[in-house]
K.L.:
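Let me begin by handing over the structure; questions about it come next.
In what follows, chains are A, B, ... by sequence order, proteins preceding strands, each numbered from 1.
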Amino acid sequence: MVTGLSMGEGLPEKRDVGDGTVFRTEGLTKVYHMGEVDVQALRGVDMELFSGEMVVLLGPSGSGKSTLLNILGGLDTASGGCVTYRGMDLTKATDKELTQYRRSHVGFVFQFYNLIPSLTALENVTIVTEVSDNPMDPRDALRLVGLSERSDHFPSQLSGGEQQRVAIARAIAKNPSVLLCDEPTGALDSATGVLVLEAIERVNREMGTTTAVITHNSDIAAMADRVMRMSGGMIIEVTVNEHRKPPREIHW
Amino acid sequence: MKALNRKLLRNLWEMKAQSLAIAIVIVSGVATFFLSISTMESLKRTQAKFYTDYRFADVFSSLKRAPNALAERIAEIPGVERVDTRVLAEVKLDMPDYADPVTGRLVSVPETEQAELNQLYIAEGRNVQPDRDDEVVVGEAFAEAHQIRPGYSFGAVINGRLKQLRVVGIALSPEYIFQMQAGSIFPDFEHYAVMWMGRTPLGTAYDMDGAFNHVALSVNSEETVEDVIDRLDVLLEPYGGTGAYGRADQVSHRYLSEEFKQLANMATVFPTIFLGVAAFLLNIVVTRLIDTQREQIAVLKAFGYSNRDIGIHYAGLVLAITLVGVAGGIAVGAWLGRGMSNMYMEYYRFPFMDYRLGVATVLEGALIAVASAMAGTLFAVRRAASLSPAVAMRPAPPAVYRESVVERFGLGRFLSPPTRMIARNIERKPVKSLLTVIGIAFACAVLVSGLFFGDAVDYIVEVQFGLAQRDDLTVSFVEPTSDSALYSLRGLQGVERVEPFRSVPATLRFGHRTYRTSIQGVRGGGDLYRLLDNRFQQVELPPRGVVLTDYLAGILRISPGDMLTVEVLEGERPVREVPVAGLVTEFIGASAYMEISALNRLMREGNAVSGAYMATDSNYDPQLYRELHDMPRVAGTTVRKLAIDSFYETMSRQILIFTSIMTALAMSIAFGVVYNSARISLSERSRDLGSLRVLGFTRAEVSYILLGELAILTLVATPVGFALGRGIAGYMTAGMETDLFRIPVVINMDTYAFSAAVVFVAAVASGIVVKLRLDRLDLVEILKTKE
């Protein structure tokens, strides 16, 4: 295990398996205006994410990890600094370009699944494949997360874990190059959570999708290639795991 | 089907009751639009077809007597196409087993059987044989009122001689689509008949052999009408012409035109209200839907759906509800339109009704509905479209509450906490509360403005016959007669009072403005015909000068003190300057009045009278009618009470139908507004209400918080609705003001009470529906879920 405060440059060659850097941020800041107070969510984040790797962003609530993930995913824009996706400057992208970027490249998984309640599991996946250029068959996506049998169920008829797996199927069905997961197990018990993590790990392993998982649960960090600790809107530590631990060996 | 469309359909299904409530308001709006436009266009089309097929004339004129040879000179007027000369005569009828006085107009049918112009449509039987002096064709309205079929016989006093007439046919004429006796204020099909008889026998009876007293002609283009009228007047002047007029002043045509104006007015006012309310309802419902779907919007955006996609999605939802409303509106509008067109045929006698709801009208209505719905939801939909995905992912910030005005005035301690919640909630969303009040107020206003017409008609009748024309019956003489004729009237049993009148047709001129009317000479200080000022106080007729209806003064732009030029169209046809001595207020017509002796002086005639107003003892009525009928000098008798009763009889069914329709429409608004407001409050506040339940509040207490707010808004809305209704009534009547009649904005207490009651019933009904839903809802369960 190697630990260091500096980011990027000194990382082991073997994890940079694809075509190099996927994300690069420099001095990224984000300020929210909440009524009359300004909240500094990011205070200068410098980081890189490499193709095919799995990164876990670890930190307590309010440390800025969701904000960072939202900016990487093109959901939100930075107040300052720079973020690029494969050389494309996301900070300068228009709303239209960000939409196109999300449509083509990014898959999201949220803590509260955020499925459309009025659509079945299969339809929740279909609604995404319909707008992507190179999607997989929605049924294959559901099979990948082990939910083929429940494809015609509405979200209200599924357990939390099942809902989250549908959300993962939805995220990967368009063959994204990055998968961004915001507390994917936050609302689940340990045993169900493991199933969800397994699905994420399988996608990362089999499809080579660059994956970032946000969590405040340090046990989950063991499944990552690299772990970034965040606090007070900054990355305070980056850890490289020599070996990724399979999710089924993780308990919390 | 696209998954997004499936979401749309399921969203619609989840909020089906709300969508339906909105769709019904749209149905109301679109239906009133289709109803008015389709009825108007169908009437217009039918009218045009009837006019063309049966050659309705373009210019008309009455005269005293002219030889037939004059027709050729009339035909030479440039622009004249066809000329039809005829004999018109007013007669008294003697209907078997019928005591009321009945008068009628006989119109001559030429030897050729079918006239050049204003041809007859024979609905039943046949036309008269031109040489038969005992055959008549009667108008359909009168025939229906007396159940007359061909073969029926009745008597008529033709030029003083009683003649037995046999009905050979029932007919309709483009000239008498709407038939009203001159001098009446409403149609009376039971006591006034239009009939047709052969030219030769009619001419012989009235000393009109080889002569005519009325002419109708057609012109080759509308532009020439004014010119033809002027030349015709010159030509007819030596023959006692009373002034030619175009279609615009022809009674039947004029009333139809006014009807079209009213329909056009209705097609603007009511749909605007309904579609405005629908737009507001869509706004609150869609805004709330978007609030609850913030996260769904965020997810869709996170996965690459564009702003446009989201915008189209929610606009599609609005469009779907609107189109359901439009579809319903087409059905209801066409159904009501057909019904209304047929109802119109009781007043407007067409041989057929070509009812159609045109494609263009449907498209126009649909477009207006969609445009207003979109305008109403534009803001909400745009907000959804432009919602940043990251912002959408965070829950909406907690609502900001503050103390209500009542509390800031220190009255809070008098309010229970639930009542305080109600007050704060109303104040927290002032715009929504205000719009809700306005929405409910409009429901009330629709009723007030729709139903006040009945009150206005009652009021007109009350003023006209209670205060102004207080006679029991009016007798008109065949010709102006010496006032000694009054003695024979006074001598009749049952007659309590007799007051003479003199009626003189004249053109009034001031500057370049003219108006053709008749100057009524009545006795100053008379009791049976009173002139009223604008506060309905009796105006004393000055010994000299003319008094004008204020509306007529407006037309001529003349004021008291100015000199009016009077061009008499009778007798010696004097032209005189008369000072305007004052103004009077009347709802009907645009008349001029003079003291009878002043009018006699103006005419340079003795004490001539045209007829008399009489007060009678009703016990002697049948006998009196009989005696008047037998007096050769009496051309006709009009009994006020009978005319009014007959009018109300025809009108009552229509008022009932109209009231039912307006009530249904208003209820759709009231229900739509209250129900949707309640559902949205329930959705917004179910967590608060759940918390209260957990804290030990009963269902009733929780319901009070939710429904109390709506009760307060409804109570506030009712008087606002009264004022609004009055305003709309004023707007509509202003648009309908003509020299024929002015409708006063008079609204009775019971109309207000009924309107309020309907709104309350609708509000209570929607409250009950929401209460049932609230009772079924597991509020505690809601607390466990994420908003």
K.L.:
Which residue pairs pass the side-chain hydrogen bond (donor to acceptor under 3.5 Å, both in side chains) test with at least one member in residues 178-193 of chain A, sequence neighbours excluded?
P.N.:
A:S66-A:D182, A:E183-A:H216, A:D189-A:T192

K.L.:
When you measure from the side chain of B:N307 to the backbone N and O of B:S386, does any donor-acceptor pair fall under 3.5 Å?
P.N.:
no

K.L.:
Taking the six-membered ring for Trp and the single ring otherwise, decide whether the centroids of A:F110 and A:F108 are under 6.0 Å apart.
P.N.:
yes

K.L.:
Can you tell me how far the CG atom of B:N676 sits from the CZ atom of B:R288, to the nearest 0.5 Å?
P.N.:
13.0 Å

K.L.:
Select, from A:T126, A:V128, A:T129, the one with the greatest count of heavy-atom pairs under 4.5 Å involving chain B.
P.N.:
A:V128

K.L.:
Tell me whether A:R102 contacts the main-chain N or O of B:K301 through its side chain, where contact means a donor paired with an acceptor under 3.5 Å.
P.N.:
yes

K.L.:
Looking at A:L180, A:I127, A:T99, which makes the most heavy-atom pairs under 4.5 Å with chain B?
P.N.:
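Among the listed options, the one with the most contacts to chain B is A:I127.
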
K.L.:
Which of the residues B:Q293, B:Q296, B:R308 is involved in the greatest number of heavy-atom pairs with chain A at under 4.5 angstrom?
P.N.:
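If we count pairs closer than 4.5 Å to chain A, B:Q296 comes out on top.
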
K.L.:
Is the shortest heavy-atom distance from the side chain of B:I290 to the side chain of B:I297 under 4.5 Å?
P.N.:
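The answer is yes, as the side chains (C-beta and beyond) meet within the 4.5 Å cut-off.
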
K.L.:
Would you say that more than 12 heavy atoms from the other residues, nucleotides or ligands in this model lie under 6.0 Å from the NZ of B:K16, or not?
P.N.:
yes

K.L.:
Less than 4.5 Å to any heavy atom of chain B: does that hold for the side chain of A:Y101, its backbone, both, or neither?
P.N.:
neither

K.L.:
Heavy-atom distances under 4.5 Å only: say whether A:N124 touches chain B with side chain, backbone, both or neither.
P.N.:
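Interface part for A:N124: neither.
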
K.L.:
How about B:N11 and B:Y314: does a side-chain donor come under 3.5 Å of a side-chain acceptor?
P.N.:
no

K.L.:
A side-chain contact here means heavy atoms from C-beta on lying under 4.5 Å apart; do A:C82 and A:T25 qualify?
P.N.:
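No; the side chains remain at least 4.5 Å from each other.
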
K.L.:
Taking side chain as everything from C-beta outward and backbone as N, CA, C, O, which of these in A:K174 sits under 4.5 Å from a heavy atom of chain B? Side chain, backbone, both or neither.
P.N.:
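Side chain only.
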
K.L.:
Applying a heavy-atom distance below 4.5 Å, give me the residues of residues 136-167 of chain A that approach chain B, sorted by number.
P.N.:
A:F154

K.L.:
Would you mind telling me which of A:S118, A:S104, A:S132 has the largest number of heavy-atom pairs within less than 4.5 Å of chain B?
P.N.:
A:S118

